[in-house]
A.B. asks: 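Sharing a structure below in structure tokens format, with a few things to ask.
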Amino acid sequence: MEPERVCADGQSLQRRISGAPATCDIVLPVYNEAANLDELYRQVTAVMAEAGLRYRLLFVDDGSTDATAAVLEELAMRDERVRFLSFTRNFGHQVALTAGLEHADADCVITMDGDLQHPPHLIPELLGRWKDGYSVVLTVREDNRSAPWLKRATSRGFYGVINRVSGLTLTPGSADFRLLDRAVVDALRQCGERTKFLRGLINWAGFRSTSVPYQPSQRFQGKSKYSVGKMAAFAWDGVTAFSALPLRLAFFVGLVISLCSFTYGLYAVAARIFWNASVIPGWASITISVLFLGGLQLIFIGLLGEYLARVFDEVKGRPIYFIKRKVL
Ligand code: UDP
Ligand code: MG
């Protein structure tokens, strides 16, 4: 029997009224994770057997070049609850997550990584919170001492900056391991942008949310697919998707520099009149100020370019991924 739900999110509530059992889609983006899939399947199905609701494992093979597709094919043959999409090439983790959400049609959707760093034993707790009426159940990494110091520091810095400039309230350490109610998934689908910064959009959408702390495990097999460059690009996507402050910075910096130079100009005139002295002893000050302003202008033109490139990307309106094989 389906447990009592307090939440009044359209679709899920309709399901409850119609008496059908609740369903759950678990979306797993995987990129070259062949060595992890069997163990992942074993752990997740073991946990879900206890949960007592209908579920599917929806893998998104993000253009893997190892045996991932073959293992998925085999799992899908063996168990009809295993479904998957294979991309034509590697489109990136966030795109794979987006594709998974677009193909999920259950009452709730759980997204988790395919390397077992997101512990499957937490799933019942996520489902429990959902049944308590939360539409979004986030997981938050407890300070992970095994992660490199630099990764923890940059992550903390990123959340500090984005929360300040974007008006979002993102929880530091929140992971892509989360449960979303059907209503939230539908809301995300309505967000038309190509580059979806999911954690920002989920927070921005404003559904009732809670979080569960967890201790991240070590990667089961293989190594991280997130290079420093990919992390930086991800962070920058987040800032530009949710804040126009960098664009406005040029105005404020320009204002401050104008005020300073105006004050300096007044001082130069006064010095000439009252002390009959020239305050410009040579060309060094001129060269430095010209170079400084030139550099500043280039920086801000570059920033304009960043936003323009994003507008260009959106305007082209290309599909964000292509699927070469679909087993749904
Ligand atoms: N991933 C993906 N596409 C990519 C990079 C990663 O689908 O281009 C998947 C990867 O297979 C894993 C998850 O995203 O299931 C998280 O990636 P990873 O474990 O490499 O990142 P980390 O945990 O080190 O941040
Ligand atoms: Mg990982």
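Everything quoted here is computed from the prediction, not taken from an experiment. When a ligand or atom number is given, it counts from 1 through the structure's own listing order. Excluded from the calculations below are hydrogen atoms, water molecules and symmetry mates; all remaining heavy atoms, backbone and side chain alike, are included.
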A.B. asks: In terms of atom number and element, which parts of ligand 1 are under 4.0 angstrom from non-hydrogen atoms of Glu33?
C.D. replies: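 Once the distances to Glu33 are compared, the set is 10 (C), 11 (O), 12 (C), 15 (O).
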
A.B. asks: List ligand 1 atoms under 4.0 Å from Asp115, heavy atoms only on the residue side.
C.D. replies: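 Per the distance check, 19 (O), 23 (O).
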
A.B. asks: Does ligand 1 have any atom that is closer than 4.0 Å to a heavy atom of Lys223?
C.D. replies: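 Distance cut 4.0 Å: Lys223 fails for ligand 1.
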
A.B. asks: Is any side-chain N of the basic residue among Glu33 and Lys225 closer than 4.0 Å to the acidic one's carboxylate O?
C.D. replies: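 A salt bridge links Glu33 with Lys225.
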
A.B. asks: May I ask you to list the atoms of ligand 1 that are less than 4.0 angstrom from any heavy atom of Gly114?
C.D. replies: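 Answer, ordered by atom number: 12 (C), 15 (O).
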
A.B. asks: Taking Thr210 for the side chain and Val137 for the main chain, is one N or O donor matched with an acceptor at less than 3.5 Å?
C.D. replies: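 No.
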
A.B. asks: Within a distance under 4.0 Å of any heavy atom of Arg219, pick out the atoms of ligand 1 and give their elements.
C.D. replies: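 Answer for ligand 1: 18 (P), 19 (O), 20 (O).
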
A.B. asks: May I ask you to check whether Phe234 and Phe197 place their ring centers less than 6.0 Å from one another?
C.D. replies: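 Yes: the rings meet the under 6.0 Å criterion.
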
A.B. asks: At a 4.0 Å threshold, what atoms of ligand 1 neighbour a non-hydrogen atom of Asn90?
C.D. replies: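 Atoms satisfying the 4.0 Å criterion: 3 (N), 4 (C), 8 (O).
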
A.B. asks: Has Tyr226 got an N/O/S atom less than 2.8 Å from the Mg ion (ligand 2)?
C.D. replies: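 False for Tyr226.
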
A.B. asks: What protein heavy atom is closest to atom 16 (C) of ligand 1, reported as residue, atom name and distance in Å?
C.D. replies: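 For atom 16 (C) of ligand 1, the nearest protein heavy atom comes out as Asp113 OD2, 3.2 Å.
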
A.B. asks: I want to know if ligand 1 touches Pro29 in the polar sense, i.e. an N/O pair below 3.5 angstrom.
C.D. replies: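 Yes.
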
A.B. asks: Please check if the number of heavy atoms outside Lys223 that lie under 6.0 Å from its NZ is greater than 12.
C.D. replies: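 Result for NZ/Lys223: open.
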
A.B. asks: Tell me: protein heavy atom nearest atom 3 (N) of ligand 1, and distance?
C.D. replies: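 Here the closest protein heavy atom is Asp62 OD2, 2.6 Å.
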
A.B. asks: Salt-bridge test for Arg56 and Asp25: reply yes if a basic N is under 4.0 Å from a carboxylate O, no otherwise.
C.D. replies: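 So Arg56 pairs with Asp25 through a salt bridge.
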
A.B. asks: Under the criterion ring-ring contact (aromatic ring centres under 6.0 Å, His included), I'd like the reasoning laid out for His93 against Tyr31: C-alpha separation, chi angles, the key distance, then a yes or no.
C.D. replies: CA-CA 8 Å; His93 180 209; Tyr31 177 47; over 10 Å; no

A.B. asks: Would you kindly confirm whether Val253 and Tyr307 end up in one hydrophobic cluster when ILVMFWY residues are joined by side chain heavy atoms under 4.5 Å apart?
C.D. replies: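 No, it is not one cluster - the side chains of Val253 and Tyr307 are not joined through contacts under 4.5 Å.
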
A.B. asks: For atom 21 (O) of ligand 1, grab the closest protein heavy atom and report residue, atom and distance to one decimal in Å.
C.D. replies: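 Checked against all protein heavy atoms, atom 21 (O) of ligand 1 sits closest to Tyr226 CD1, 3.3 Å.
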
A.B. asks: Among protein heavy atoms, which lies nearest atom 25 (O) of ligand 1, and at what distance?
C.D. replies: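 The closest heavy atom on the protein side is Lys151 NZ, 3.6 Å.
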
A.B. asks: Taking distance alone, with N or O pairs closer than 3.5 Å, would you say Ser224 contacts ligand 1?
C.D. replies: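 Yes; the residue has a nitrogen or oxygen that sits under 3.5 Å from a nitrogen or oxygen of the ligand.
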
A.B. asks: For Val30, counting its heavy atoms only, list the atoms of ligand 1 lying under 4.0 Å from any of them.
C.D. replies: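 Reading through ligand 1 atom by atom, the close ones are 7 (O), 11 (O).
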
A.B. asks: Check the pair Glu73 / Arg325 against salt bridge (charged side-chain N to carboxylate O under 4.0 Å, His left out), numbers first and verdict last.
C.D. replies: CA-CA 10 Å; Glu73 203 78 55; Arg325 177 140 172 77; 2.6 Å; yes

A.B. asks: Apply salt bridge (charged side-chain N to carboxylate O under 4.0 Å, His left out) to Asp115 and Arg219, showing your working.
C.D. replies: CA-CA 5 Å; Asp115 58 0; Arg219 192 170 229 290; 3.3 Å; yes

A.B. asks: Starting from the Mg ion (ligand 2), look over the N/O/S atoms of Asp115 and name the nearest one.
C.D. replies: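 So the atom name we want here is OD2.
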
